[in-house]
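This one's a predicted model, so the numbers in the text were calculated from it and none came from an experiment. By convention in this document, chain letters (A, B, ...) are assigned in the order of the sequence lines, proteins followed by strands, and residues within each chain are numbered from 1. Side chains included, hydrogens not; waters and symmetry mates left out as well; all remaining heavy atoms used.
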Protein chains: 2
Amino acid sequence: MAFKSLSQPRVRLADEVYAQILQAIQNGAITSEDRIVQEKLAEEFGISRTPVREALFRMEQEGILAVAQRGGFKIRKIGPDEITELYEARCSIEGFAARLLAQRNDKALNMRLREIIADAEDLKNETVKAYFNANLTVHRAIVEASENRFLLEFFDNLWNRGSSFTLFSTIESTDLSKSLGDHMALIDAIESGNDTFAAEKMIAHISDGHRLQVQSGRV
Amino acid sequence: MAFKSLSQPRVRLADEVYAQILQAIQNGAITSEDRIVQEKLAEEFGISRTPVREALFRMEQEGILAVAQRGGFKIRKIGPDEITELYEARCSIEGFAARLLAQRNDKALNMRLREIIADAEDLKNETVKAYFNANLTVHRAIVEASENRFLLEFFDNLWNRGSSFTLFSTIESTDLSKSLGDHMALIDAIESGNDTFAAEKMIAHISDGHRLQVQSGRV
DNA sequence: TATATGAATACTGTATACAGTATACGTAAA
DNA sequence: TTTACGTATACTGTATACAGTATTCATATA
């Protein structure tokens, strides 16, 4: 009789702290007005400063947090220039992912992506948060399907920044039906097997999203 | 009379440790056979474990180091699949940088890039290391010129991995004259103002480098 | 000779102490 | 009332201690 393996990597408090801070940023419990101080957070968690400090450094390195005036960290805000660059970086990562998928031209995979898009856009609640998650699910599925761990790591890096939540949410929920068509058109382009065309379509899609951002005045 | 500002950010030991470890990896003082242990390194540096530990975590997060069997870290090796993905990620980043430069079509900038290429490829010593540095200088200049901080961060992330030194060195130094032409051809493509063409040229150039890697049997 | 077990050592995660720097606040003087 | 200065507090970087887990080694037994 075989037993189930009990071997597990050692769980670190720093990782749990990281996850909780990230969640607090995403659900608004920590805002861009807040100053995140090692000692204060350690007291809140009831642990020592060491794992808190390690988690905060990791988030700083990932661009989620920045050093605050008077000590501590804050959610890293980005200006219009950096927002443009963030969208450009998305074009680079996700455009190339589309290119790789078009080269592979895997029909079953493309069908699966269509299902993911349909599922993700079947929203129960048309809130900003629900829309952000749907958009993230779709775009991440495409990059994940490219099976390139670096592109996925860079994608997560871009989307995990605290400001991304508000940035990448669709501007108006009334765009939903339009957006649904847009995503399926991406799979159409991938299915064409033309890698440059697929990349261009993804780049155009993301650039459109950026244009909507600028037009909304949110930046 | 005005005085020179003395205000400087606080220097951290962890940053100095990071720089020294990275340099030791690049010049071969630390090899892929070595196991890097927090306590051992702290003793060598004559400091406590805390800054060493922070530096090692940072390198692990950047993909330079990986957790070793029996404790400690080692240089993160990558297999053939990951090498392919690393070149793909380069295509994504550097291809898009070329695209942005073609869109900008700044003649003075392009001239400056030509000078950088000529300088970088005027090698005094045709060693693997010299060649790696020349190649890095050229490719990084192009990404830096794109003025997108995310692309540059991702570029550095890819090139800073310990294995990158051997990966991205040109196979044979006799390729030098060919390589020199290749890089200038990239600027030709950028100067054409055709963004898709410039991107394709960069992608082809990097793919060629990957093909040479595979043919050399180094992977 | 091979295997099992106990002890020693290696290594790490976290807690806490200490020292230094930055900032805020209260008070006194102009 | 404003400014300057001293003190208190905030905050952080690093050192060191402690405890737990993993690995290695030596010895005993089969």
Side-chain angles (χ1 to χ4, degrees), chain A residues 3-22 24-25 30-77, chain B residues 3-22 24-25 30-76 162:
Chain A
F3 289 96
K4 186 174 176 181
S5 171
L6 298 174
S7 170
Q8 294 186 22
R10 184 188 267 179
V11 171
R12 295 169 59 211
L13 276 180
D15 293 338
E16 297 183 31
V17 169
Y18 175 99
Q20 290 215 35
I21 297 174
L22 189 62
I25 290 173
I30 296 181
T31 74
S32 54
E33 309 302 316
D34 290 326
R35 196 158 56 88
I36 303 163
V37 168
Q38 292 177 24
E39 202 162 19
K40 292 274 179 47
L41 225 51
E43 284 168 16
E44 281 197 49
F45 282 117
I47 58 179
S48 82
R49 262 206 297 137
T50 309
V52 172
R53 158 188 189 80
E54 288 181 2
L56 293 177
F57 283 159
R58 194 174 137 201
M59 301 183 104
E60 180 192 19
Q61 179 166 352
E62 288 175 4
I64 300 170
L65 297 179
V67 169
Q69 183 70 1
R70 298 199 218 88
F73 290 100
K74 63 188 176 183
I75 292 174
R76 185 162 176 271
K77 280 175 179 173
Chain B
F3 289 96
K4 185 175 177 181
S5 170
L6 298 173
S7 169
Q8 294 188 22
R10 185 188 266 180
V11 171
R12 295 169 57 210
L13 275 181
D15 293 337
E16 297 183 29
V17 169
Y18 176 101
Q20 289 215 33
I21 297 174
L22 190 61
I25 291 173
I30 295 179
T31 73
S32 54
E33 310 302 318
D34 290 326
R35 196 159 55 87
I36 303 163
V37 169
Q38 291 177 25
E39 204 161 17
K40 293 272 176 51
L41 226 50
E43 283 168 17
E44 280 198 50
F45 282 118
I47 58 179
S48 82
R49 261 207 296 138
T50 310
V52 171
R53 157 187 188 83
E54 289 181 1
L56 293 177
F57 282 159
R58 194 174 135 202
M59 300 183 104
E60 179 193 18
Q61 180 166 349
E62 289 175 2
I64 300 168
L65 297 179
V67 169
Q69 183 72 0
R70 301 198 217 88
F73 290 99
K74 63 187 177 183
I75 292 173
R76 186 162 175 269

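In the region residues 37-45 of chain B, proximity to DNA chain C at under 4.0 angstrom, judged on heavy atoms, holds for B:Val37, B:Gln38, B:Glu39, B:Lys40.
Look at A:Arg35 and you'll find a side-chain N or O under 4.0 angstrom from OP1 or OP2 of D:dC11. Phosphate contact (OP1/OP2 of D:dT23, side-chain N/O of B:Gln69, threshold under 4.0 Å): present.
Between the CZ atom of B:Phe57 and the C1' atom of C:dG13 there is a distance of 8 Å, given to the nearest Å. Distance, A:Ile36 CD1 to D:dT12 P: 11 Å, rounded to whole Å. Rounding to whole angstrom units, CD of residue A:Glu60 and P of D:dG13 are separated by 9 Å. Separating the CD atom of A:Glu54 from the C1' atom of D:dT14 is a distance of 13 Å, rounded to the nearest angstrom. Between the NZ atom of B:Lys74 and the P atom of C:dC11 there is a distance of 15 Å, given to the nearest Å. Taking atom CG of residue A:Asp15 and atom C1' of nucleotide C:dT12, one finds them 14 Å apart after rounding to whole Å. Distance, A:Asp34 CG to D:dC11 P: 13 Å, rounded to whole Å.
Among all heavy-atom pairs drawn from B:Gln38 and B:Val52, the shortest one is O-CG1, 3.7 Å. Nearest heavy-atom pair across A:Met59 and A:Ile21 is SD-CG2, 3.6 Å. Here the shortest heavy-atom pairing between B:Ser32 and B:Ile75 reads N-CD1, 3.8 Å. Scanning all heavy atoms of the two residues, the minimum distance from A:Ala55 to A:Ala14 falls at CB-O, 3.5 Å.
With DNA chain C read from its 5' end, the first of the two nearest nucleotides for A:Ala14 and A:Arg70 is the one closest to A:Ala14.
A donor-acceptor distance shorter than 3.5 angstrom exists from the side chain of A:Arg35 to the backbone of A:Arg70, with no hydrogens or angles considered.
The side-chain heavy atoms of B:Ile64 and B:Tyr18, taken from C-beta on, include a pair separated by under 4.5 Å. At least one side-chain heavy atom of B:Gln20 sits under 4.5 Å from a side-chain heavy atom of B:Phe45.
Atoms CG and CZ, on A:Leu41 and A:Arg49 in that order, are 12.0 Å from each other to the nearest 0.5 Å.
Using a cut-off of 4.0 Å between Lys/Arg side-chain N and Asp/Glu carboxylate O, B:Arg58 and B:Glu62 are scored as salt-bridged.
Residue A:Phe73 is classed as having no contact, given no heavy-atom separation below 4.0 Å to the nucleic acid.
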Could you list all N or O pairs between the protein and nucleotides 15-18 of chain C that sit under 3.5 Å apart?
unit_1: C:dA15; atom_1: OP2; unit_2: A:Ser48; atom_2: N; d: 2.8
unit_1: C:dA15; atom_1: OP2; unit_2: A:Ser48; atom_2: OG; d: 2.2
unit_1: C:dA15; atom_1: O5'; unit_2: A:Ser48; atom_2: OG; d: 3.4
unit_1: C:dA15; atom_1: N7; unit_2: A:Thr50; atom_2: OG1; d: 3.1
unit_1: C:dA17; atom_1: N6; unit_2: A:Arg49; atom_2: NH2; d: 3.4

